[in-house]
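Right, one structure below, let's go through it.
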Amino acid sequence: MVNFQDKVSFIWSIAEILRGDYKQSDYGKVILPMTVLRRLDCVLEPSKEEVLEKKAELEKMGIKDTDSILNEVVGEGFQFHNSNKFDFEKLKADPNNIAENLIHYINGFSKNAREIIEYFNFTDHIQRLDKADLLYMIVQKFSEIDLHPNQVTNLEMGYVFEELIRRFSEQSNETAGEHFTPREVIKLMVNLLFTEDSEGLTRPGIIRTLFDPACGTGGMLSVAENYLRDLNTDASLEVFGQEINPESYSICKSDMLLKGESATNVVFGNSFTEDGFKGGRFDYMLTNPPFGVDWKKYSKPIKDEEKKLAYNGRFGAGTPRVSDGSLLFIQHMISKMKPEGSRIAIVFNGSPLFTGGAGSGESNIRRWIIENDWLEAVVALPDQLFYNTGISTYIWIVTNKKTDDRKGKVQLINAVDFYVKMRKSLGNKRNMI
């Protein structure tokens with residue numbers, strides 16, 4: 001197990017500074033963006049002076065479009081920079097102007113990094129924290145923790161964010177499961193996703209694409225990348241994601257930036273109503289959509305697409321009841337399968353399997369999937385695997401490229417007893433695969 005609890009404990013101790021001035025359920029509005037800011041600051045610290053010198057040199061030369069040049073100065077594949085004179089150490093040196101200086105510092109980031117902080121709406125809290133005499137104290141405490149990737153890997157940082165979100169969600173009685181999935185569940189899904197292509201994935205220089213339409217903080221994308229890298233160091237997995245929660249989106253985007261990947265591959269918005277990858281096709285897709293998500297307020301554009309485009313759109317097979325949009329996700333993903341073959345892994349609760357009698361929207365969608373021979377397998381998982389619910393869950397494997405021995409068949413796997421009890425439960429999570 002990755003050791004990340006000491007980092008979580010330290011950051012949580014900073015959150016406790018907010019007690020009395022912020023509700024516990026609102027701690028995340030301050031702590032999550034500050035954690036991202038500190039990590040970016042740690043990455044940029046070694047090249048800070050060099051970036052400032054280069055900026056001054058370019059200004060003297062009258063060069064205005066400096067982003068790509070300053071990114072190169074940062075080096076190590078990082079595609080962002082901060083051209084403001086402040087960093088966390090310099091912010092500490094001027095307590096009387098901490099709010100103004102912090103805003104200047106944030107505005108000094110290149111656009112792709114600045115957008116991450118903007119989605120947190122963190123600037124709304126800077127003045128509030130300053131008036132409460134908390135801002136300087138929080139900046140000072142965050143300056144004490146080193147979050148450079150050399151000290152805290154991207155994998156460890158993913159765990160840190162997920163554990164913080166889980167704690168904040170518990171405080172506000174929200175569902176942490178909307179934000180992330182237990183890593184052992186993701187690893188199983190990735191194994192099932194790649195299992196029929198293990199020969200192709202070990203070829204030198206292979207490039208594959210992977211998409212998650214409800215990517216949260218990016219945990220699934222990261223696990224898939226690590227899996228393929230372990231399998232074949234010469235392979236390349238280009239990952240894409242879309243996320244509706246602004247905080248989760250910001251964390252995922254920052255993770256992409258810190259890995260030197262294209263942050264434009266992560267799109268903000270509702271996958272149903274704002275398809276961020278219209279016309280896109282992917283080799284692999286995996287997701288854990290929110291269980292039982294109500295889509296009533298988005299129903300008009302979805303129903304319009306169903307009527308106007310039918311099978312030329314995403315929802316031609318029909319729509320489920322508005323109280324559960326799970327089967328909309330699978331249709332959205334099927335629309336992005338490549339003609340030459342794609343594989344999908346998706347986690348559902350029991351509703352998409354069993355809800356709806358003959359002639360209902362759910363039944364028609366299931367029939368459409370089975371009649372097209374796309375459903376390869378359904379895996380029944382142990383209960384009490386997820387942080388926010390103890391209910392039974394199932395992995396569906398969907399593909400338009402079944403091997404000959406699987407054609408016309410669906411494999412049903414009962415894995416409900418394949419678990420070990422955890423020594424300490426995390427929310428509703430008491431079992432581990």
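The pair Glu184-Lys187 fails the salt-bridge criterion, with no side-chain N (NZ, NE, NH1 or NH2) lying under 4.0 Å from an Asp/Glu carboxylate O. Residues Asp234 and Arg229 are not paired through a salt bridge, judged by the lack of any N-O separation under 4.0 Å between the basic side chain and the carboxylate. Ion pair Lys54/Glu72 not flagged as a salt bridge, since none of the NZ, NE, NH1 or NH2 atoms sits closer than 4.0 Å to an Asp/Glu carboxylate oxygen. Ion pairing between Glu57 and Lys60 fails under the 4.0 Å rule for side-chain N and carboxylate O. A salt bridge is absent between Lys29 and Glu247; no separation between the charged side-chain nitrogens and carboxylate oxygens falls under 4.0 Å.
No side-chain N or O of His104 forms a donor-acceptor pair with one of Asn84 less than 3.5 Å apart. Counted by atom type alone, Thr273 and Lys300 present zero donor-acceptor pairs between their side chains at under 3.5 Å. Side chain to side chain, Asn232 and Thr202 fail the donor-acceptor criterion of an N or O pair below 3.5 Å. Using a 3.5 Å distance cut-off with no hydrogens or angles, the side chains of Asn82 and Arg114 do not pair a donor with an acceptor. Between the side chains of Tyr419 and Asp383, no donor-acceptor pair is found at a separation under 3.5 Å. In this structure, a donor-acceptor pair under 3.5 Å is absent between the side chains of Lys401 and Ser342.
Taking both residues in full, the closest heavy atoms of Asp146 and Cys42 are given as OD1-SG, 3.8 Å, listed atom of the first, atom of the second, then distance. Contact detail for Val51 and Ser83: the closest heavy-atom pair is CG1-CA, 4.3 Å. Annotation for Gly292 and Ser326: closest pair N-OG, 4.1 Å, computed over non-hydrogen atoms. Taking both residues in full, the closest heavy atoms of Ala132 and Asp21 are given as CB-OD1, 3.6 Å, listed atom of the first, atom of the second, then distance. Here the closest heavy-atom approach between residue Pro289 and residue Ala214 is recorded as CA-CB, 4.4 Å.
Under the 4.5 Å side-chain criterion, counting only non-hydrogen atoms from C-beta, Asp275 is in contact with Lys336. Side-chain contact check for Leu164 versus Ile11: some heavy-atom pair is nearer than 4.5 Å. By the 4.5 Å heavy-atom criterion applied to side chains, Leu18 and Ile31 are counted as neighbours. Side-chain contact between Ile365 and Glu362: absent, with no pair of heavy atoms (C-beta onward) separated by less than 4.5 Å. Side-chain contact between Ile69 and Lys55 is absent, with no heavy-atom pair separated by less than 4.5 Å. Using a 4.5 Å cut-off on side-chain heavy atoms (C-beta onward), Ile251 and Ile165 make contact. Side-chain atoms of Thr35 and Phe161, non-hydrogen and from C-beta on, do get closer than 4.5 Å to each other. A heavy-atom distance below 4.5 Å is found between the side chains of Leu328 and Phe315.
Between the side chain of Asn97 and the backbone N or O of Glu100, no donor-acceptor pair lies under 3.5 Å. Put simply, the side chain of Arg39 gets close to the backbone of Val152: a donor and an acceptor are under 3.5 Å apart. The closest donor-acceptor contact from the side chain of Arg208 to the backbone of Tyr284 lies at 3.5 Å or more, if one exists at all. A distance-only check finds a donor-acceptor pair linking the side chain of Glu156 to the backbone of Thr153 [under 3.5 Å]. Distance alone, capped at 3.5 Å, is enough to place a donor-acceptor pair between the Glu243 side chain and the Asn245 backbone. Between the Thr209 side chain and the Asp283 main chain, a donor and an acceptor come within less than 3.5 Å of each other. Looking at Lys7, its side chain never comes within 3.5 Å of a backbone N or O of Leu147 through a donor-acceptor pair. Under the 3.5 Å distance criterion, the side-chain polar atoms of Ser110 are left unmatched by any main-chain donor or acceptor of Asn112. Of the possible donor and acceptor atoms, none in the side chain of Glu163 sits under 3.5 Å from a partner among the backbone N and O of Ser9. At least one donor-acceptor pair closer than 3.5 Å links the side chain of Ser250 to the backbone N or O of Pro246.
Rounded to the nearest 0.5 angstrom, His332 NE2 and Ile334 CD1 are separated by 11.5 Å. Here the CE-OG distance, from Met256 to Ser222, works out to 8.5 Å after rounding to the nearest 0.5 Å. To the nearest 0.5 Å, atom CG of residue Leu188 and atom OG1 of residue Thr181 are 12.0 Å apart. Remark: Arg38 CZ to Glu144 CD distance equals 9.5 Å, nearest 0.5 Å. Within the model, atoms OG1 of Thr217 and CE of Met157 stand 11.0 Å from one another, a figure rounded to the nearest 0.5 Å. Rounding to the nearest 0.5 Å places CD1 of Ile302 at 10.0 Å from CD of Gln331.
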Under 3.5 Å, which donor-acceptor pairs do the side chains of residues 343-356 form with other protein atoms, sequence neighbours left out?
residue, atom, partner, partner atom, Å
Arg343, NE, Leu193, O, 2.7
Arg343, NH1, Glu376, OE1, 3.0
Arg343, NH1, Glu376, OE2, 3.3
Arg343, NH2, Leu192, O, 2.9
Arg343, NH2, Glu376, OE2, 3.0
Asn349, OD1, Ser351, N, 3.1
Ser351, OG, Asp324, OD2, 2.9
Ser351, OG, Thr355, OG1, 3.0
Thr355, OG1, Ser351, O, 3.1

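Ring geometry, Phe282 versus Phe240: the interplanar angle falls from 30° to 60°, so the pair is classed tilted. In this pair, Phe88 and Tyr105 present their aromatic rings perpendicular. The plane angle is above 60°, beyond the 30 to 60° band.
By the neighbour-count criterion of 12 heavy atoms within 6.0 Å, atom CD of Glu76 is sparsely surrounded, having that number or fewer from other residues, nucleotides or ligands. Shown here is Asp65, whose CG atom has no more than 12 heavy atoms of other residues, nucleotides or ligands within 6.0 Å. Residue-environment remark: NZ (Lys421) exceeds the threshold of 12 foreign heavy atoms within 6.0 Å.
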Salt bridge (Lys or Arg N to Asp or Glu O under 4.0 Å) between Lys48 and Glu45, intermediate numbers included:
CA-CA 5 Å; Lys48 185 71 177 182; Glu45 186 181 353; over 6 Å; no
Please determine whether salt bridge (Lys or Arg N to Asp or Glu O under 4.0 Å) holds for the pair Glu89 and Lys92, giving the CA-CA distance in whole Å, both sets of side-chain angles, and the decisive distance to 0.1 Å.
CA-CA 5 Å; Glu89 285 303 311; Lys92 285 197 308 181; 3.6 Å; yes
For the pair Lys141 and Ser13, evaluate side chain to side chain donor-acceptor pair (under 3.5 Å) and give the outcome as yes or no after the intermediate values.
CA-CA 9 Å; Lys141 290 294 287 182; Ser13 73; 5.3 Å; no
List the steps, then state whether salt bridge (Lys or Arg N to Asp or Glu O under 4.0 Å) holds for Lys90 with Asp94.
CA-CA 7 Å; Lys90 289 191 176 73; Asp94 188 5; over 6 Å; no
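Applying the side chain to side chain donor-acceptor pair (under 3.5 Å) definition to pairs two or more places apart or across chains, those involving residues 119-138 are Tyr22-His125.
Proximity of the aromatic rings of Phe168 and Trp12 is defined here by a centroid distance below 6.0 angstrom, and this criterion is met. Ring centroid separation for the pair Tyr227 and Phe194 comes in under the 6.0 Å cut-off. A centroid separation of less than 6.0 Å is found between the aromatic rings of Tyr249 and Phe268.
Across Phe291, Phe272, Phe211, a single residue satisfies ring pair (Phe, Tyr, Trp, His ring centres under 6.0 Å) together with Phe329, and that is Phe272.
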